[in-house]
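Report on one structure; see the data block that follows.
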Amino acid sequence: MTLSLATWNINSVRLRMPIVEKFLDEKQPDVLCLQETKCQDDLFPAEPFAQRGYVHQAIHGQKSYNGVAILSRLPLAEIDSRDLCGVGHARHISAVFEAGGKVIRLHNFYVPAGGDEPDREANPKFGHKLDFVEEMKLLHSEAEAGRSSILVGDLNIAPLEHDVWSHKQLLKIVSHTPIETEGLTEAMRKGNWLDLMRQHTPEPTKLYTWWSYRSADWSAADKGRRLDHVWSSHDLGPHLEAIEILREARGWDKPSDHVPVMARFAF
DNA sequence: ATGGTCGCGCTGCGA
């Protein structure tokens, strides 16, 4: 049996429904995790997902900003959202499902972008980002006995040299500063998480999941960053069959600035 | 080259 799972920062789920439907019809993931849904739960477009078989829905939204959701063809249990940093932002949701004889805890995160200035004194949004990552260090992939874990989402940090178009030019740019990349690496190490995208495609191959809107020709310039991630507990590593970054989605009509990342497991 | 483009929801804020 197989499991396919996708993560996508959608930058407004309501505006993006035409391309979300196109993606689901073409790729048919079992589970889809969305970030930046930017809508309250009572305005979430639940029906088009349900019509495609995604009848199990865990949504945690807020007006205008943030918002995360898990849309699933597999039953979801123990749905839970955490308020990291205690500021009331909708940036996390988790649920438990079964696949391949395993019970899997799935975490879906939207880490704060952190503003422009990489200085926590001058820029409180950067401090919030660092504090958020600090809390993520407490999340262990083996936190629940007998259960596997998957952590996905827009983590807004490109941790490795080849996760950005120019390591040197981005060292002082928020998303690739040493304090952020070391923080994310430490969260991965402390929680004993596997970076499945890099297990499948090691460095020095460049991997990007985001290209700025502020670029005339995003594809030719190709100044991307790997901000979206798929992590798992170590027991799932041998079951990973493929990772696919759907680069073409950046060129679809009215695109998000992020593209879907898919992971396929075989059991 | 230090700009540029989005989305929300109606004014600037966040990305």
Whole-Å distance, A:K223 NZ to B:dT5 P, equals 15 Å
Please check the phosphate of B:dC13 (OP1 and OP2 only) for any side-chain N or O of A:K125 closer than 4.0 Å.
no
What integer distance in Å separates A:K172:NZ from B:dT2:P?
19 Å
Close aromatic pair by centroid cut-off 6.0 Å: A:H128 and A:H89:
yes
Quickly work out the A:M17 CE to B:dG7 P distance and round it to whole Å.
16 Å
Whole-Å distance between B:dG12 P and A:D116 CG?
19 Å
Name the nucleic acid region contacted by A:R91, choosing base, sugar-phosphate or nothing; use a 4.0 angstrom heavy-atom cut-off, strictly under.
sugar-phosphate
What distance, rounded to whole Å, do you find between the two C1' atoms, one in B:dC10 and one in B:dG14?
15 Å
Which nucleotide in B:dC8, B:dG14, B:dA15 has an atom nearest any side-chain atom of A:A113
B:dA15
5'-most contact on DNA chain B: A:Y213 or A:S12, nearest heavy atom basis?
A:Y213
Just call it for A:K129: base, sugar-phosphate, or nothing, with non-hydrogen atoms closer than 4.0 Å on any strand.
nothing
Does B:dG7 have OP1 or OP2 under 4.0 Å away from a side-chain N or O of A:R16?
yes
Walk me through it: do A:R247 and A:D222 pass the test salt bridge (charged side-chain N to carboxylate O under 4.0 Å, His left out)?
CA-CA 11 Å; A:R247 183 185 170 105; A:D222 203 22; 3.0 Å; yes
Rounded to whole angstrom units, what separation is found between the CG atom of A:L155 and the P atom of B:dA15?
15 Å
Is the A:F265 ring parallel, tilted or perpendicular to the A:F267 ring (thresholds 30°, 60°)?
parallel
Nearest-Å distance, CG (A:L15) to P (B:dC8)?
5 Å
Specify whether A:W193 and A:H107 have parallel, tilted or perpendicular ring planes, treating 30° as the upper limit for parallel and 60° as the lower limit for perpendicular.
perpendicular
Return whichever of A:K38 or A:N9 has its heavy-atom-nearest nucleotide of DNA chain B closer to the 5' end.
A:K38
In whole angstrom, give the distance that lies between atom CZ of A:R225 and atom C1' of B:dA15.
11 Å
Length of the line joining A:D154:CG and B:dG7:P, which is rounded to integer Å:
16 Å
Shortest non-hydrogen contact from A:D235 toward A:K102:
OD2-NZ, 3.2 Å
